[in-house]
**Student:** 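Have a look at this one.
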Amino acid sequence: MKKLCLLIGLLVNMAAAAGSAIEVQQMSPHSYQLTYRSNVSVSVENAQQGLYRAAVEVCAGREPVYGRYKYRQTGSVSTRVPGKQESYIFRQEIRCTGMR
């Protein structure tokens, strides 16, 4: 189980590094919402670790501070339904404070 969590964390970090799975929406001058979508369930901790690099880039020299998050699952609950796939959406609010 520990190895699976580490593997999922690595995959989230790789996706975050590629920037392809993360959406950024500016909420105010120093706050943003980062959205990560995946077909693999990840823990809140792993999702936040995967978003950290994007948060640092968005804050551009300021310290990112995590705020509220939402985590939900969409799609088919049953794997028996052909063509249906579960999708996991993790939304994290961040604030950019002070200098790093």
Side-chain angles (χ1 to χ4, degrees):
M1 185 63 171
K2 210 173 204 179
K3 288 181 182 181
L4 178 61
C5 288
L6 289 173
L7 177 61
I8 290 171
L10 177 63
L11 292 173
V12 170
N13 284 325
M14 287 170 41
S20 60
I22 298 174
E23 299 169 22
V24 177
Q25 180 180 4
Q26 188 169 12
M27 307 302 281
S28 71
H30 299 291
S31 82
Y32 299 85
Q33 178 177 280
L34 305 177
T35 302
Y36 175 74
R37 298 174 193 276
S38 174
N39 291 331
V40 178
S41 176
V42 295
S43 69
V44 170
E45 181 179 281
N46 285 340
Q48 287 177 330
Q49 287 175 353
L51 290 174
Y52 183 74
R53 191 175 281 164
V56 168
E57 286 181 30
V58 165
C59 286
R62 302 184 82 141
E63 185 68 32
V65 176
Y66 290 131
R68 294 183 194 179
Y69 68 86
K70 292 181 184 178
Y71 190 37
R72 69 184 179 113
Q73 173 184 350
T74 62
S76 173
V77 176
S78 171
T79 56
R80 295 183 214 179
V81 179
K84 294 283 186 172
Q85 197 169 17
E86 295 170 323
S87 179
Y88 301 90
I89 301 169
F90 183 81
R91 287 190 168 91
Q92 176 70 60
E93 293 178 9
I94 62 164
R95 275 188 346 266
C96 302
T97 62
M99 300 305 284
R100 290 187 71 208

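Computation of the quantities below employed the complete heavy-atom set of this structure, encompassing side-chain atoms and omitting hydrogens, waters and symmetry-equivalent molecules.
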**Student:** Measure the spacing between CG of L51 and CD of E57 and express it to the nearest 0.5 Å.
**Tutor:**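 Answer rounded to 0.5 Å: 11.5 Å.
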
**Student:** Between G50 and I22, what is the shortest heavy-atom contact and its length?
**Tutor:**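 Of all heavy-atom pairs spanning G50 and I22, the closest is O-CD1, 4.1 Å.
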
**Student:** Tell me every residue that passes ring pair (Phe, Tyr, Trp, His ring centres under 6.0 Å) with Y66, counting only those two or more places apart in sequence or in another chain.
**Tutor:**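 Partners of Y66 under the ring pair (Phe, Tyr, Trp, His ring centres under 6.0 Å) test: none.
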
**Student:** Assert yes or no for the condition that the ring centre distance of F90 to Y71 is strictly below 6.0 Å.
**Tutor:**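 Between Y71 and F90, which both carry aromatic rings, the centre distance is below 6.0 Å.
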
**Student:** Go through the steps to decide whether V40 and Y88 satisfy the test side-chain contact (heavy atoms from CB on, under 4.5 Å), and finish with yes or no.
**Tutor:** CA-CA 7 Å; V40 178; Y88 301 90; 5.7 Å; no

**Student:** Can you check whether G67's main-chain N or O pairs, donor with acceptor, with Q92's side chain at less than 3.5 Å?
**Tutor:**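 Pair found, side chain donor or acceptor close to backbone of G67.
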
**Student:** Keeping to residues at least two apart or across chains, list the salt bridge (charged side-chain N to carboxylate O under 4.0 Å, His left out) pairs with something in residues 26-36.
**Tutor:**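 Non-adjacent pairs meeting salt bridge (charged side-chain N to carboxylate O under 4.0 Å, His left out): zero.
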
**Student:** Would you give the length of the straight line joining atom CD of Q48 to atom CD1 of I94, rounded to the nearest 0.5 angstrom?
**Tutor:**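 Q48 atom CD to I94 atom CD1 measures 11.5 Å (nearest 0.5 Å).
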
**Student:** Going hydrophobic residue to hydrophobic residue with side-chain gaps under 4.5 angstrom, can you get from V58 over to V65?
**Tutor:**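 V58 and V65: separate clusters.
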
**Student:** Listed by chain and number, what are the side chain to side chain contact (heavy atoms under 4.5 Å, CB included) partners of E45, not counting sequence neighbours?
**Tutor:**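 By the side chain to side chain contact (heavy atoms under 4.5 Å, CB included) rule, E45 matches S43, Q49.
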
**Student:** To the closest 0.5 Å, what do you measure between OG1 (T97) and CZ (R62)?
**Tutor:**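 The OG1 atom of T97 sits 7.0 Å away from the CZ atom of R62.
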
**Student:** Test salt bridge (charged side-chain N to carboxylate O under 4.0 Å, His left out) on E23 and R37 and set out the steps.
**Tutor:** CA-CA 9 Å; E23 299 169 22; R37 298 174 193 276; 3.0 Å; yes

**Student:** Mind checking side chain to side chain contact (heavy atoms under 4.5 Å, CB included) for S31 and listing every partner two or more places apart, or none if nothing turns up?
**Tutor:**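 Expected list: M27, S28, R95.
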
**Student:** When rounded to the nearest 0.5 angstrom, what is the spacing between NZ in K70 and CD in Q33?
**Tutor:**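 Reported value, rounded in 0.5 Å steps: 7.5 Å.
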
**Student:** Just to verify, what does R72 make a side chain to side chain contact (heavy atoms under 4.5 Å, CB included) with, not counting sequence neighbours?
**Tutor:**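 R72: side chain to side chain contact (heavy atoms under 4.5 Å, CB included) contacts with T74, I89, R91.
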
**Student:** Determine whether Y32 and P64 make a side-chain contact, defined as any pair of heavy atoms from C-beta on separated by less than 4.5 Å.
**Tutor:**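 Sidechains of P64 and Y32: no contact.
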
